[in-house]
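Computed over heavy atoms, backbone and side chain alike; hydrogens, waters and symmetry mates excluded. We name chains A, B, ... by the order of the sequence lines, and we start the count at 1 in each one.
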Protein chains: 2
Amino acid sequence: MNIGQAAKQTGLPAKTIRYYEDIGLVKAPRHDNGYRYYAEHQLQQLGFVARARNLGFSVDECRSLLGLHASTSRSSAEVKAILKKHLDKVDRKLRELQAMRESLVKLEQACPGDQDPDCPILGSLAGSKE
Amino acid sequence: MNIGQAAKQTGLPAKTIRYYEDIGLVKAPRHDNGYRYYAEHQLQQLGFVARARNLGFSVDECRSLLGLHASTSRSSAEVKAILKKHLDKVDRKLRELQAMRESLVKLEQACPGDQDPDCPILGSLAGSKE
DNA sequence: ATTGACTTTCCAGTAACTGGAAAGTTTAGT
DNA sequence: ACTAAACTTTCCAGTTACTGGAAAGTCAAT
């Protein structure tokens, strides 16, 4: 299977698949003509990475997870440790976004959104009442 | 006031202040020796940008907001439109992160995290039950 | 005069792709 | 057989918003 087909199967753009090979994440053997060849194993790996990326894991975390997946001497504790660390990051980001959201909603409600130049959003950004 | 003092006042790293000048966001006049000079006006602008960035506005959105702030012919509707668009993005991102979080928590709970190689996290990433 | 703390510019690197150019390959149609 | 479309290859550049570091100039104090 060539890269285009693999792209369809995995939902990843061909560009991204090539990129993953460039950085040594998922390697594919070549045909005689130089075209990359994707068999079941490579498709599995690409799917694995795609799912991990969808969960927000970084490419480097994906690399570690793929490594553990391939290792016979792994422990589920190692995998869980990676996940926990990532989950912490997600939680931090969530709190950050929630705080932003609250401020933004308040500003949105305070602003009339009319033709008048008077704007509490700009006022707040300019540091009023600070 | 030199850049170091301005950095302390605004909480922005000096590097970042120089960067903002590079991209034409907040310009500062120079002393005879070439050092940047920060007066009240520049400090206001930097503070404005810092607050907008903390609310998650992109640098380009900051540019637009600064422009509106400086304009006498603005309407609060224009400002609010930028905010709304940004808020939409924040909301999308929040939902995305919340979905990730839920999946991650489920996987965390399913994984024993012991010395055994058997791991439902890897199983799920590998596409089991799909 | 020399140290230390500033400051300047410029170049490179970060994360994870994405777009586009130029060139080679394969396939379908005539 | 010829050609045009559809793939594929590599390589280079651009994206976002900085951040780190090097080499060099400046300033204040000893």
Salt-bridge present (A:Glu108, B:Lys80; N to O < 4.0 Å): no
Atom pair distance, as rounded to whole Å: CD1 in A:Ile17 and C1' in C:dG19: 17 Å
task: Measure from CG on A:Asp22 to P on D:dC12 and round the result to the nearest Å.
output: 12 Å
- request: For B:Val59 and for B:Asn33, locate the closest nucleotide of DNA chain D by heavy-atom distance; then report the residue assigned to the nucleotide nearer the 5' terminus.
  value: B:Val59
query: Using a cut-off of 4.0 Å on non-hydrogen atoms, how would the nucleic acid contact of A:Arg18 be classed: base, sugar-phosphate, or nothing?
result: base
message: From CD1 of A:Ile3 over to C1' of D:dT9, roughly how many Å is that when rounded to an integer?
response: 10 Å
- request: Using a strict cut-off of less than 4.0 Å between a Lys/Arg side-chain nitrogen and an Asp/Glu carboxylate oxygen, indicate whether A:Glu96 and B:Lys93 qualify as a salt bridge.
  value: no
- prompt: Among the nucleotides C:dT7, D:dC18, D:dT8, which one has an atom lying closest to any side-chain atom of B:Tyr19?
  reply: D:dC18
task: Establish, with yes or no, whether the OP1 or OP2 oxygen of C:dT8 is under 4.0 angstrom from a side-chain nitrogen or oxygen of B:Arg36.
output: yes
- prompt: How close or far is atom P of D:dC27 from atom NE2 of B:His31, stated in whole angstroms?
  reply: 10 Å
query: On DNA chain D, nearest-nucleotide positions of B:Phe57 versus A:Ala14: which is more 5'?
result: A:Ala14
- request: Compare the minimum distances between each of D:dT19, C:dT7, C:dA16 and the side chain of A:Ser58, then state the nucleotide with the smallest one.
  value: C:dA16
query: The side chain of A:Arg30 lies closest to which of these nucleotides: D:dT9, D:dT19, C:dT8?
result: D:dT9
- request: For A:Ile23, report the nucleic acid contact type (base, sugar-phosphate, nothing); a contact means any heavy atom under 4.0 Å.
  value: nothing
task: Among the candidates C:dA16, C:dT9, D:dT8, find the nucleotide nearest to the side-chain atoms of A:Asn2.
output: D:dT8
message: Both A:Thr16 and A:Tyr35 contact DNA chain C. Which one's nearest nucleotide lies toward the 5' end?
response: A:Thr16
message: Once you apply a heavy-atom cut-off of 4.0 Å, does B:Tyr37 come out as touching a base, just sugar-phosphate, or nothing?
response: nothing
message: Set out, in order, the CA-CA distance, both residues' side-chain angles and the distance that settles side-chain hydrogen bond (donor to acceptor under 3.5 Å, both in side chains) for A:Ser76 and B:Asp116, then state yes or no.
response: CA-CA 6 Å; A:Ser76 72; B:Asp116 204 280; over 6 Å; no
task: Keeping the roles fixed (side chain from B:Asn2, backbone from B:Gly4), state whether a donor-acceptor pair exists under 3.5 Å.
output: no
task: Take atom CG of A:Asp60 and atom P of C:dA16, then tell me their distance rounded to the nearest Å.
output: 7 Å
- request: Measure the distance from CG on A:Leu55 to P on C:dA16 and round it to the nearest whole Å.
  value: 15 Å
- prompt: Side chain of B:Thr10, backbone of B:Gly47: donor and acceptor closer than 3.5 Å?
  reply: no
task: For B:Gln5 and D:dA28, give me the distance from atom CD to atom P, rounded to whole Å.
output: 14 Å
- prompt: Can you find a side chain N or O atom of A:Tyr20 that sits less than 4.0 Å from OP1 or OP2 on C:dC17?
  reply: yes
- request: Look at the side chain of B:Lys15 and decide which nucleotide, out of D:dT19, D:dT9, D:dC27, has an atom nearest to it.
  value: D:dT19
- request: Using a cut-off of strictly less than 4.0 Å, decide whether A:Arg53 has a side-chain nitrogen or oxygen near OP1 or OP2 of C:dA15.
  value: no
field: Reference residue B:Glu61; test salt bridge (Lys or Arg N to Asp or Glu O under 4.0 Å); the match among B:Lys89, B:Lys85, B:Arg53
entry: B:Lys89
- prompt: What is the distance from CD of B:Glu21 to C1' of C:dC10, rounded to the nearest Å?
  reply: 15 Å
